[in-house]
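To find a chain, count down the sequence lines: A is the first, B the second, and so on, and within it residues start at 1.
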Amino acid sequence: MGEIQYVPLSVTVGYFALVTIIGIYYTRKATSALDEYYVAGRTVGPIINAIAVVMAIGSAASFMGFLGMGYKLGFLLTLCISASAITGYVWTQFMYSGPLRRHGKFTLVDFLSERYPTPYIRPISALLISIFFFAYLIPQYKGGGVVADSLLGLDFTTGVILTAIIVLVYTSLGGMWAVTWNAVIQGIVALSVLLGLSVTAFYLLGGWNGALIAATQNKPLLMAINPKIPWLLYVGVYTAIFIFMGTAPHVVMRALTSKTARTARLTMAIVSVLAILLYFVSYVGIILGGAAFFPKLKDPDFIVVEQVKAFWHPIGAGLTVAAIMAAIMSTTDAMLLAIAAHIQHDLIELIKPDISERTKVIIAASVIIVASILAILLTLFAFRAELIGVMVTLLTGAIGSSFFWPLVLGIWWPRATKWGGLFGVLSGSITYSTLELMKVLPKFAAVFPALIISFLFTVLVSLMTSPPSKAELSLVLRMHKLSDEEYEQLKARYG
Amino acid sequence: MEDASTEEIIRELKEYISLRNPAIWNSLIIVILSVVAFTLLWKDVKIFGVSVALWGLFAISIIAMIQSWIFIVLMDRFELDVEKKLRGER
């Protein structure tokens, strides 16, 4: 623990006060109707929604972990991440956003359980997502602790607990409305800080050529393929993040907040542009700057922090803390809301369906509090030494392996049956987890066999079982057929 | 009656999904080009001494992003045309 840094601390406290006020302001609205609690009343526009999607996805990994991976293992690995994020969003735009918006349910589990109506798909999917998202909280809290320790002079434990408490307060009070508006503020702050740092590095190094020469003098392999990295690792990182971008349940929830299928597509197109700014424009300058100015960092995750300390005023340091904490917080509260939704909506209501609206909100808030406390304990006592980027990439692979094919085939292949969908989810998640635990493949590469097996199980089990019922087929049709309102809007627009 | 209704839904679904092939193909092209890029990486193909696979992958993602903007308008018109055609047939 170093000396407390009062200027950055004041800026950070001011920021936290702002987001807490926003959370409290929307409390009354959130507790009045569960629909508003989870999907913001479907009144947000595409630009706001796009920033919220980026911030829900962007986390301690996007703002620390992936940059550290690029600094240590080479810029081309982060180029993989950039490409996969952008193409993942484009894939989502074409393949999911319209049909899922027309489907009109709350969560990915709602979709799966209606499309594949076995008694098992809802609890199994809800449990898997809750476990994966709960695990996702740990690297986020670790990131909060590390930043507070490094830039504010607080100790790691205090930083972790403080991060969790602030997220907990506004998430449990405000619901998605507060999260949406907080995500917009957070998105603007976070993007500005990272882009600003990238510009600073290029300015100080005399532009692209100067930065490239200075960085590669210190780290000759920075811009080349790293011979120590198996090619399957590059492919694994690309694939895990690509399938996660489209399958991530909190992205699905955000797609559902769009007014129409058209605005859902527009949202994802804006997201792909923001992804270029975040994952390429800001990354390239920060990684080159890090290699040029700080070639011997002990912990690569601090590439951002070290440059801020060296080149920016303490107010800039405070904004950086706010930005990174913002990214951590927006992801964490989206995850907490999803965990609460699944446990309350998909597990508890399955056992006891006749609970009141008020009880539902109380259960959701209680789940959020308990999950936060458990995640704090695990961060402090079990996973403190794990790398943020590695933990997050492993979890993106787990989520994508489990749900990618059941989601894609559920929308686009009417012959997919309920048993096919169930076995697709089970086989993908079991294969991925087993191979990663056994460590028989390069890190992240388990996503390939998991995807192949999930695809085969979904297709083969579907073909071996009775065709989908009329209700299941009607659901698929509803996702592809324009509603009368949508049809009239398009006719009025294009004639 | 039950079978006839189900048949009608299946027929309508086939029409919708087959008419939306451009959206599916557009997405599949992204995947196919990504596979090509990683094959170049696997084979360590270099042009003028530079490994181009991952920069090529990034270029593909930029093209995909530009395409996605073009398709916002095209998909609207496309969906409207499909809907007009299918509603007209019923």
Side-chain angles (χ1 to χ4, degrees), chain A residues 74-77 79-80 82-95 98 223-225 231-232 234-235 238-239 242 261-262 265-266 268-273 275-276 280 408 411-415 467-470 473-474 476-477 479-482 486-487 489-491 493-495, chain B residues 2-3 5-10 12-17 19-20 22-28 30-31 33-35 37-39 41-44 46 50-51 53-73 75-77 79-84 86-87:
Chain A
F75 176 74
L76 293 183
L77 191 67
L79 204 61
C80 262
S82 313
S84 61
I86 297 160
T87 48
Y89 287 131
V90 174
W91 171 277
T92 304
Q93 181 198 349
F94 288 132
M95 299 296 278
M223 303 303 280
I225 300 287
W231 72 279
L232 263 176
Y234 286 104
V235 192
Y238 177 85
T239 310
F242 175 85
R262 182 178 192 275
R265 281 199 292 269
L266 184 57
M268 297 317 295
I270 297 168
V271 167
S272 63
V273 175
I276 292 173
F280 180 72
V408 173
I411 294 171
W412 291 100
W413 190 45
R415 185 62 179 80
S469 67
K470 189 178 159 188
L473 290 169
S474 300
V476 183
L477 184 60
M479 289 191 289
H480 292 284
K481 186 176 183 176
L482 301 191
E486 210 178 342
Y487 181 53
Q489 278 176 357
L490 282 181
K491 270 206 302 189
R493 187 182 289 270
Y494 299 108
Chain B
E2 180 72 15
D3 287 341
S5 298
T6 304
E7 285 302 313
E8 194 180 332
I9 292 170
I10 291 171
E12 208 173 346
L13 259 174
K14 278 183 180 169
E15 284 173 324
Y16 270 106
I17 291 176
L19 286 168
R20 288 205 177 130
I24 299 173
W25 278 112
N26 195 71
S27 306
L28 287 180
I30 294 172
V31 175
L33 290 175
S34 304
V35 171
F38 281 116
T39 308
L41 179 68
W42 176 37
K43 296 289 181 188
D44 196 22
K46 290 182 176 168
V50 178
S51 180
L54 296 177
W55 284 102
L57 191 69
F58 183 67
I60 292 163
S61 71
I62 299 293
I63 293 165
M65 186 276 291
I66 294 166
Q67 248 190 334
S68 75
W69 279 93
I70 297 167
F71 261 68
I72 288 170
V73 176
M75 281 289 282
D76 269 0
R77 289 180 177 275
E79 286 196 332
L80 181 62
D81 289 344
V82 170
E83 199 68 33
K84 272 183 179 172
L86 293 182
R87 287 187 186 223

Please flag which part of Leu266(A) lies under 4.5 Å from any non-hydrogen atom of chain B: side chain, backbone, both or neither.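 Backbone plus side chain of Leu266(A), per the 4.5 Å heavy-atom cut-off to chain B.
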
Using non-hydrogen atoms and a 4.5 Å limit, figure out which bit of Tyr234(A) sits close to chain B: side chain, backbone, both or neither.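 Both parts, heavy atoms under 4.5 Å.
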
Would you say [X] and [Y] make side-chain contact, with heavy atoms under 4.5 Å?
X         : Y        : answer
Leu232(A) : Trp42(B) : no
Leu57(B)  : Thr87(A) : no
Cys80(A)  : Phe38(B) : yes

Could you work out, with ring pair (Phe, Tyr, Trp, His ring centres under 6.0 Å) as the rule, every residue matching Trp69(B), not counting sequence neighbours? none

What residue in Val273(A), Leu77(A), Ile276(A), Val235(A) has the most heavy-atom pairs under 4.5 Å with chain B?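 Top count of heavy-atom pairs under 4.5 Å with chain B: Val235(A).
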
Out of curiosity, [X] [atom1] to [Y] [atom2], how far, rounded to the nearest 0.5 Å?
X         : Y        : atom1 : atom2 : value
Leu76(A)  : Phe58(B) : CG    : CZ    : 11.5 Å
Phe242(A) : Ser34(B) : CZ    : OG    : 6.5 Å
Met223(A) : Leu54(B) : CE    : CG    : 11.5 Å

What part of Ile66(B) gets within 4.5 angstrom of chain A, counting heavy atoms only: side chain, backbone, both, or neither? neither

Which pair of heavy atoms, one from Ile86(A) and one from Met65(B), lies closest together, and at what distance? CG2-CB, 4.0 Å

Residue selection (most heavy-atom pairs with chain A, distance under 4.5 Å) from Ile63(B), Leu41(B), Ile62(B), Ile60(B): Leu41(B)

